[in-house]
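Single-structure report; data block below.
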2 protein chains.
Amino acid sequence: MAYHHGNLRAALVEAATALLEDGGPLGVTLRGAARRAGVSQTAPYRHFPDKGALLAAVAEQGFRRLGAAMARAARGHGADPVGALEAMAIALVHFADRHGAHYRLMSGPAVRGRDHPALREAALAAWGLLTTTVTACQRAGRIRAGDPAAFAFVLWSLVHGLSTLLVDEQIPPIVRQTWLPAELAKKATQVLLEGLAGKRSARPGRAVAPTLSPRSPRRRRARRP
Amino acid sequence: MAYHHGNLRAALVEAATALLEDGGPLGVTLRGAARRAGVSQTAPYRHFPDKGALLAAVAEQGFRRLGAAMARAARGHGADPVGALEAMAIALVHFADRHGAHYRLMSGPAVRGRDHPALREAALAAWGLLTTTVTACQRAGRIRAGDPAAFAFVLWSLVHGLSTLLVDEQIPPIVRQTWLPAELAKKATQVLLEGLAGKRSARPGRAVAPTLSPRSPRRRRARRP
DNA sequence: CAGGATATGTTGACACAGTCAACTTCTGGA
DNA sequence: TCCAGAAGTTGACTGTGTCAACATATCCTG
């Protein structure tokens, strides 16, 4: 047996994932992953510069799986982009519901931005699926004209928020006792889709007709360094 | 000077908050808070059973402030519940945008559920504000009939998701470069409100008319213990 | 096939964290 | 007045992330 272990890197990612799934975010530890992979405590440093990098790799793998799950859900709704959008939303919430700790890691501050380009890329890929489908909905006349990225972002926010609340067990009891996660995802998506649908006469009083079109492109906001 | 320090507890919460604001979630440490409060490393254990309890207290205070900010935003829209709802949504996003780490702590797994009833209570209070205002919108005919808790929850999910993405810097570049957070909050809320507004004829194809009324009350789902 | 360069792992150590046990000091009421 | 309990301190233990120095396997070149 190649007792350079073959491929430690993958083993470590798997070990860390296992630690994460049972034991929560606090349960994942560099030394623990090394132990679980049967190597010494500092062996991981040959593959990851630090703990954050390991976590980022785990998160990246999570995004890849999430993207796959969403794509799988969307298939079978080929003709119906709205159905595909709903299915993807449900798939995301479902993913978060199982793999709670994993989802938290993925969307958390484990690794910020540019540190780990592969992570960013995987996340953007999943997000891109949504945008594409939104565009399809627009072509089908089921979503009004406007920047598809913006619409997709609103949908993403909604579903992500739902997932986060679910994972963190912060869904108000009244709501939790009445609906299952998948139902919540479906209904929330449908409500949003209604809002995104066509232009319609606003109720008397004041016009509520958000177009979600930018007034003028803006540079990124200043952030504390 | 009362060198029983007067009220260490409050000082520790404040110190931990300061550590949190600059230094992120990893920067807050029991020993650090104690140092900052000018006491020994184990003094906090006279006031908090463990680190989690301190964090919970910090989070609780955050929810209280958030609730206050939302209430403040809603005031001045007394006659216009829709405007109040929008203002509250913007206030929440604004709160998350500043106090990023604090918001992450509040909505994170710092303390789960029953551990810290005061936390839960403060969170539910903020959430209750939304529900009340949704009810007002229904009375004003601006939101269709249905369970206000469910509608409020959808709105909460949307705004919370937006805030989370903002704090974790996971807003896609295209979106981030085009809109400011407050604009995103306002527009997203408006889209959702349109969806929540009145019943309307669905487009041809299939009816999309989510009522958000429960089929039948359900018990809580089983969770891994 | 030889032999070093390089990737891969290991040992030992350091600083820092959360937490506990034992001790000291302050303070409010019988 | 005086002491019981609250409030705070000291010292120690374990576990963690990380570094430096060392050991070994692998691979490419001569």
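The shown structure was predicted, so the numbers you read here are calculated from the model rather than taken from an experiment. Note on naming: letters A, B, ... go to the chains in the order of the sequence lines (proteins, then strands), and numbering restarts at 1 for each one. Keep in mind that the numbers below use all heavy atoms, side chains included, and drop hydrogens, waters and symmetry copies.
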What integer distance in Å separates [X]:[atom1] from [N]:[atom2]?
X       : N      : atom1 : atom2 : result
A/Leu55 : D/dT16 : CG    : P     : 14 Å
A/Leu26 : D/dG17 : CG    : P     : 11 Å
B/Arg46 : D/dT10 : CZ    : C1'   : 12 Å
A/Tyr45 : C/dT11 : OH    : P     : 17 Å

Indicate yes or no: at least one non-hydrogen side-chain atom of B/Tyr45 is less than 4.5 angstrom from one of B/Leu30.
-> yes

Determine whether A/Leu105 and A/Pro25 make a side-chain contact, defined as any pair of heavy atoms from C-beta on separated by less than 4.5 Å.
-> no

Would you classify B/Arg9 as touching base, sugar-phosphate or nothing, given that sugar-phosphate means primed atoms plus P, OP1 and OP2, and contacts are heavy atoms under 4.0 Å?
-> nothing

Heavy atoms under 4.0 Å, any strand shown: does A/Ser40 hit a base, just sugar-phosphate, or nothing?
-> base

Look at the side chain of A/Arg31 against the base of D/dG15 and say whether a donor-acceptor pair falls under 3.5 Å; ignore hydrogens and angles.
-> no

Decide yes or no, distance alone: a donor-acceptor N/O pair under 3.5 angstrom between the base of C/dT19 and the side-chain of B/Thr42.
-> no

Rounded to the nearest 0.5 Å, what's the gap from CD1 on B/Ile90 to NZ on B/Lys186? Could you check?
-> 5.5 Å

To the nearest 0.5 angstrom, please state how far the NZ atom of A/Lys187 sits from the CZ atom of B/Phe153.
-> 13.0 Å

Which residue lies toward the 5' end of DNA chain C, B/Pro49 or A/Ala43, if each is placed at its nearest nucleotide?
-> A/Ala43

Are A/His47 and C/dG9 close enough that a side-chain N or O sits under 4.0 Å from OP1 or OP2?
-> yes

